[in-house]
Number of protein chains: 2
Amino acid sequence: MTHFHDPTTCQSCAQRFASVFCKAKQEFISEINDQKICNIYKKGQTLFNEGSYPFGVYCINEGKVKLSHLGDDGKEQIIRLLRGGDVMGYRALLSGERYSASAIALEDTQVCFIPKELFISVLKNDTGLAFEMMKLLSDELHKAEVKLTHLAQKPIRERLAETLLFIKETYGYEADGITLSVRLSREEIANLVGTATESTIRLLSEFKKDGMVELDGKKIKILRQKELIKTANLQD
Amino acid sequence: MTHFHDPTTCQSCAQRFASVFCKAKQEFISEINDQKICNIYKKGQTLFNEGSYPFGVYCINEGKVKLSHLGDDGKEQIIRLLRGGDVMGYRALLSGERYSASAIALEDTQVCFIPKELFISVLKNDTGLAFEMMKLLSDELHKAEVKLTHLAQKPIRERLAETLLFIKETYGYEADGITLSVRLSREEIANLVGTATESTIRLLSEFKKDGMVELDGKKIKILRQKELIKTANLQD
DNA sequence: TAACATGCATGATTTTTGTCATGTTTTTAA
DNA sequence: TTAAAAACATGACAAAAATCATGCATGTTA
């Protein structure tokens with residue numbers, strides 16, 4: 001079980017992480033600091049569930065979380081990967097709906113919960129934060145549209161390569177500089193790529209044969225990033 | 001060439017359409033009314049282009065517009081269909097980026113252009129409108145995430161049925177109550193579904209054979225909506 | 001430690017989907 | 001009005017991807 005530091009104050013947290021809340025005015029940050037509730041979720045635990053009503057937003061202090069969505073036939077689709085500093089639960093809150101996705105801890109994770117009323121009232125009184133939220137939503141929308149296009153137009157081989165690069169961008173490497181610092185099952189990777197688990201397993205083996213990655217159970221090492229980028233066939 | 005009424009004032013426009021701007025305070029609506037620039041785009045004309053910088057937002061007064069995104073290999077992916085009352089161009093503006101999609105008129109269309117500075121200043125001074133924008137962005141994000149999941153998990157047959165229903169939801173029927181009131185080429189439908197044009201043509205023929213639709217060039221009539229819904233295999 | 005469950009891996013096969021080729025129809029423009 | 005271009009349609013084929021089956025490894029629990 002991971003050991004966490006004593007819950008940081010939002011003031012120091014805002015310095016450490018690039019959360020949207022950094023941009024809130026000082027007075028509101030201390031108000032948030034007073035009312036926030038810190039919590040620790042163990043690996044595999046659910047923070048909130050698709051279909052239930054939101055009572056606030058969550059800000060990750062430390063840890064990793066997946067946001068996933070169930071397809072009509074019950075298959076998981078992972079729509080976002082979150083890390084320290086990331087906020088979640090705001091989409092449902094802002095559109096006044098139930099959660100459209102579930103949040104599940106990928107490892108032991110410490111989060112702050114900010115009650116709905118406080119979040120809304122701060123947003124109402126802090127235009128700067130409201131603009132940050134709009135920017136955040138716009139960026140997420142952009143990412144979703146790009147992913148949509150890739151899902152529609154790119155073969156699985158390219159999407160898997162892209163997903164590996166995305167995981168690396170999100171969570172980075174371990175100390176050795178080549179091992180992805182998150183452990184995902186093959187099934188989870190498949191649910192991120194949008195394909196069958198077997199296809200993912202097969203293609204990962206191919207990538208290994210091609211010398212692009214090294215596999216050791218859930219440990220994945222990126223050996224040749226440039227080749228991976230070429231395989232992903234990215235424009236940007 | 002379609003005939004349009006004289007450009008309506010925003011006051012009357014806001015009543016007629018369910019635009020986000022309805023929710024702005026009266027004083028700002030008249031300010032928008034003073035500064036807006038109305039324009040007519042003919043079918044096929046481009047309102048703005050992916051990659052260029054936004055100078056304001058567009059509000060559709062009357063007409064139909066597609067928002068499309070080019071894939072890395074240059075293939076079009078239609079990411080949204082817009083109608084009267086819909087606003088576009090806000091995503092790029094709010095995230096401070098270039099347009100990530102192009103807007104092209106599907107028929108003769110009248111739009112109001114609202115300059116960037118005005119839009120931002122109204123947004124800064126009208127919290128209600130800011131919340132409406134956040135809600136709009138959240139709703140779009142939700143739709144994108146659902147579409148993403150379907151794209152990843154559903155076969156083309158289901159996605160085509162879903163797309164036909166989506167077109168009907170967006171643009172409705174003509175006076176006869178069964179003909180979709182928009183003319184899209186088979187290629188455009190394919191770029192909405194995320195598949196090859198030939199697959200779309202073939203499946204449309206099958207739907208016709210099954211008695212679900214009737215085809216007359218670009219005119220598509222929905223004969224059995226219930227069957228279509230079943231074919232789309234939708235949960236909601 | 002044995003028994004079981006779960007995840008990983010791989011082969012064989014089928015299904016789905018895309019691509020290429022060709023002909024027809026419709027639309028557009030000279 | 002006619003020629004050219006674009007869109008539609010369909011068959012044949014190839015490629016991509018899913019599914020089913022099986023075995024091995026790993027990890028978990030009684």
Side-chain angles (χ1 to χ4, degrees), chain A residues 1 42-44 71-77 106 149-164 180 182-210 213-221 231 233, chain B residues 1 42-45 71-78 104 106-107 150-163 180 182-210 213-221 231 233:
Chain A
M1 165 86 210
K42 286 205 247 183
K43 178 176 175 174
D72 291 348
D73 52 353
K75 195 187 172 194
E76 174 188 53
Q77 180 68 31
L106 291 171
T149 304
H150 289 181
L151 220 31
Q153 300 185 353
K154 292 182 159 219
I156 293 182
R157 186 183 175 78
E158 294 182 20
R159 301 208 317 262
L160 175 60
E162 194 178 342
T163 298
L164 292 178
L180 292 179
V182 68
R183 300 296 138 87
L184 295 170
S185 68
R186 303 292 192 262
E187 189 179 5
E188 284 173 316
I189 296 175
N191 294 345
L192 212 37
V193 174
T195 186
T197 307
E198 294 94 324
S199 302
T200 296
I201 291 173
R202 257 183 262 275
L203 281 169
L204 278 176
S205 300
E206 282 188 35
F207 285 4
K208 180 182 171 185
K209 209 181 300 167
D210 297 347
V213 303
E214 198 179 305
L215 304 173
D216 175 15
K218 284 181 183 160
K219 260 191 237 177
I220 297 178
K221 300 185 185 191
T231 303
N233 191 22
Chain B
M1 164 86 210
K42 286 204 245 182
K43 178 178 174 171
Q45 279 192 323
D72 291 348
D73 53 351
K75 195 184 172 195
E76 175 189 52
Q77 179 68 31
I78 300 181
I104 294 156
L106 290 171
E107 57 181 48
H150 289 181
L151 220 30
Q153 301 186 354
K154 292 182 159 222
I156 293 184
R157 188 183 174 81
E158 294 182 21
R159 301 209 315 263
L160 175 60
E162 193 177 344
T163 298
L180 292 180
V182 67
R183 301 296 137 88
L184 295 170
S185 68
R186 303 291 192 262
E187 189 179 3
E188 284 174 315
I189 296 175
N191 294 343
L192 211 39
V193 174
T195 185
T197 308
E198 294 93 326
S199 301
T200 297
I201 291 173
R202 257 182 263 272
L203 282 169
L204 278 176
S205 300
E206 280 187 37
F207 285 4
K208 180 183 171 184
K209 209 180 299 168
D210 297 347
V213 304
E214 196 177 305
L215 304 173
D216 175 16
K218 284 180 184 161
K219 261 191 237 176
I220 298 178
K221 299 184 186 189
T231 303
N233 190 24

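Here is the naming used below: chain letters follow the sequence lines, and residue numbers restart at 1 for every chain.
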Spacing of Glu188(A) atom CD relative to dT6(C) atom P, expressed in whole Å: 15 Å
Checking the side chain of Gln153(B) only, and the main-chain atoms of Lys75(A) only, is there a donor and an acceptor separated by less than 3.5 Å? yes
Could you encode protein contacts along nucleotides 24-30 of chain D as a string, one character per nucleotide from 5' to 3', using B for base contact, S for sugar-phosphate-only contact and - for no contact, with a heavy-atom cut-off of under 4.0 Å? -------
Results of side chain to side chain contact (heavy atoms under 4.5 Å, CB included) for Lys43(A) - residues two or more places apart only: Asp108(A)
Send over the distance from Glu158(A) CD to dA17(D) C1', rounded to a whole Å. 15 Å
Listing time: all N or O pairs from protein to nucleotides 12-18 of chain C that are below 3.5 Å?
residue : atom : partner   : partner atom : Å
dT17(C) : OP1  : Ile156(B) : N            : 3.0
dG18(C) : OP2  : Thr195(B) : OG1          : 2.5
dG18(C) : OP2  : Ser199(B) : OG           : 3.0

Find the bend of the helix from dT1(C)-dA30(D) to dA30(C)-dT1(D) as the angle between its two terminal axes (five pairs each), to the nearest 10°. 50°
Apply side chain to side chain donor-acceptor pair (under 3.5 Å) to Thr200(A) and list each qualifying residue two or more places apart in sequence or on a separate chain. none
List the residues meeting side chain to side chain contact (heavy atoms under 4.5 Å, CB included) with Asp216(A), not counting sequence neighbours, and say none if there are none. Lys219(A)
All N/O contacts under 3.5 Å from nucleotides 7-9 of chain D to the protein, with atom names and distances to one decimal?
residue : atom : partner   : partner atom : Å
dC8(D)  : OP2  : Arg186(B) : N            : 3.0
dA9(D)  : OP2  : Arg186(B) : NE           : 2.9
dA9(D)  : OP2  : Arg186(B) : NH2          : 3.2

List in chain and number order the residues that pass side chain to side chain donor-acceptor pair (under 3.5 Å) with Lys154(B), two or more places apart in sequence or in another chain; answer none if no residue qualifies. Asp72(A)
Is the closest side-chain heavy-atom distance between Ile189(B) and Ile220(B) below 4.5 Å? yes
Quick one: side chain to side chain contact (heavy atoms under 4.5 Å, CB included) partners of Ala161(A), sequence neighbours excluded? Phe207(A), Leu228(A), Thr231(A), Ala232(A)
Filter on salt bridge (charged side-chain N to carboxylate O under 4.0 Å, His left out), then keep only pairs touching residues 183-200 of chain B, sequence neighbours left out; what's left? Lys66(B)-Glu188(B), Glu174(B)-Arg183(B)
